[in-house]
Amino acid sequence: MPTKALSRLLRRTAGTAALLASWALAACGVPDTGPTADGAPAGGARTAGTSHQVRVYFVAPNGSWPVARSAPAGAGPQRALDDLLAGPTRDERARGLVTALPAGAHRVRAESTAPGTVDLYLPWLVSELDRTAVNQLVCTAAAAPGIPGGKRPVDVVVRVHESGLSGEPWPVMCDETGAAAPVGAPRGTR
C-alpha cells in the first residue's frame, strides 16, 4: 500500500474512533445542566477516642517547645498548668525536652474569669525564676483551652500575681516564639 493511502486510512480511522468516543461519552447519562443538589452534605459523629488537648511549653535546645497533651473535655488553664508542673514525660525527655521550673511540689493556680485573660497565681516571685521558666508559665497559660473570648494565644493577656506581693498583677503576653513580654511591647521585639 502506498504511503499516502496508508496515511489517509489512519486519519479516517482516528476520526472514526474520535466520533465513536464522543458518542459514548454523550450517552453516559450525565446531564448538561450542571450540578444539582441531591440532599444534605455528608456528616458523621465524632469517633470514640477523640480527645481534647492542652498545650504545655517545655524547653528544647533551641528555645520554647509546645507539646500537646490529651485532656478531658472542659479542661482549662488549671489543667494546662498542672501538666506543666508535672514536667515532661519519659518520651518527651527522650526527645530532649526539659523544664526550667524549680524542682519540687509547687502549686500554681490559674483562673480565667474575663474574656481573653488568665490570672496566674505563683508560689514564687518572678525575680526568683529563670526567664525561660516565666516563658513556660505564661505561654502555657495563654495557650490553654477554655479561656473566654475565643482569642488566639498571642492575644491572651496573662496577669501574673506573685507570692507575697500585694498590688496590681503584672500583665504579660506570649509571642509567636514562646517568649513572655509585658503588655504593650511591640510585636516581634519581645
Side-chain angles (χ1 to χ4, degrees), residues 51-190:
S51 68
H52 298 276
Q53 295 184 334
V54 295
R55 192 179 331 166
V56 180
Y57 280 77
F58 289 116
V59 183
N62 297 329
S64 295
W65 192 262
V67 174
R69 296 260 181 101
S70 293
Q78 188 63 56
R79 173 61 186 251
L81 268 293
D82 290 345
D83 279 6
L84 174 65
L85 290 171
T89 64
R90 184 180 351 191
D91 289 341
E92 292 162 350
R93 285 191 308 273
R95 292 188 347 239
L97 299 176
V98 297
T99 185
L101 292 166
H106 302 285
R107 174 80 168 148
V108 173
R109 192 165 46 100
E111 297 176 356
S112 184
T113 57
T117 62
V118 176
D119 283 291
L120 197 58
Y121 298 89
L122 303 180
W124 317 278
L125 294 173
V126 169
S127 62
E128 297 172 341
L129 298 172
D130 182 87
R131 178 176 171 82
T132 305
V134 175
N135 292 344
Q136 286 182 262
L137 290 161
V138 169
C139 292
T140 297
I147 300 170
K151 291 189 174 190
R152 300 176 314 145
V154 296
D155 296 323
V156 171
V157 174
V158 178
R159 298 184 301 209
V160 179
H161 301 264
E162 299 176 78
S163 177
L165 293 181
S166 59
E168 292 298 311
W170 178 44
V172 293
M173 297 176 88
C174 179
D175 70 10
E176 292 85 0
T177 67
V183 170
R187 291 202 186 251
T189 60
R190 296 178 189 191

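The analysis underlying the following values was restricted to heavy atoms, covering all of them including side chains, and did not include hydrogens, waters or symmetry mates. Sequence positions, counted from 1, serve as the residue numbers for this chain.
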Closest heavy-atom pair and its distance - Ser112, Pro148
OG-CD, 2.9 Å
Does the distance from a Lys or Arg side-chain N to an Asp or Glu carboxylate O, for Arg109 and Glu111, drop under 4.0 Å?
yes
Is there a donor-acceptor contact under 3.5 Å linking the side chains of Ser64 and Gln136?
no
List in chain and number order the residues that pass ring-ring contact (aromatic ring centres under 6.0 Å, His included) with Trp124, two or more places apart in sequence or in another chain; answer none if no residue qualifies.
His106
Verdict with supporting geometry, Arg159 and Val118, side-chain contact (heavy atoms from CB on, under 4.5 Å):
CA-CA 6 Å; Arg159 298 184 301 209; Val118 176; over 6 Å; no
Ile147 and Ala142 have their tightest heavy-atom pair at CD1-O, 3.7 Å
Between Met173 and Val154, which heavy-atom pair has the shortest distance, and what is it?
CE-O, 3.2 Å
Any Lys/Arg nitrogen of Arg107 or Asp82 sitting under 4.0 Å from an Asp/Glu carboxylate oxygen of the other?
yes
Say you draw a straight line from CG of Leu137 to OG1 of Thr132; how long is it, rounded to the nearest 0.5 Å?
11.0 Å
Could you go through the side-chain contact (heavy atoms from CB on, under 4.5 Å) check for Thr99 and Leu85 one step at a time?
CA-CA 9 Å; Thr99 185; Leu85 290 171; over 6 Å; no
Can a salt bridge be assigned to the pair Arg95 and Asp91 using a cut-off of 4.0 Å between side-chain N and carboxylate O?
no
Dump the intermediate steps for side-chain contact (heavy atoms from CB on, under 4.5 Å) on Leu84 and Val108, then the final yes or no.
CA-CA 10 Å; Leu84 174 65; Val108 173; over 6 Å; no
Under 4.0 Å between a Lys/Arg side-chain N and an Asp/Glu carboxylate O for Arg152 and Asp155?
yes
Carefully, step by step, assess Trp170 and Val134 under the rule side-chain contact (heavy atoms from CB on, under 4.5 Å).
CA-CA 12 Å; Trp170 178 44; Val134 175; 4.1 Å; yes
Shortest non-hydrogen contact from Arg79 toward Pro72:
NH1-CD, 3.1 Å
Please tabulate, for side-chain N and O atoms in residues 54-62, each donor-acceptor pair with protein atoms closer than 3.5 Å (sequence neighbours left out).
none

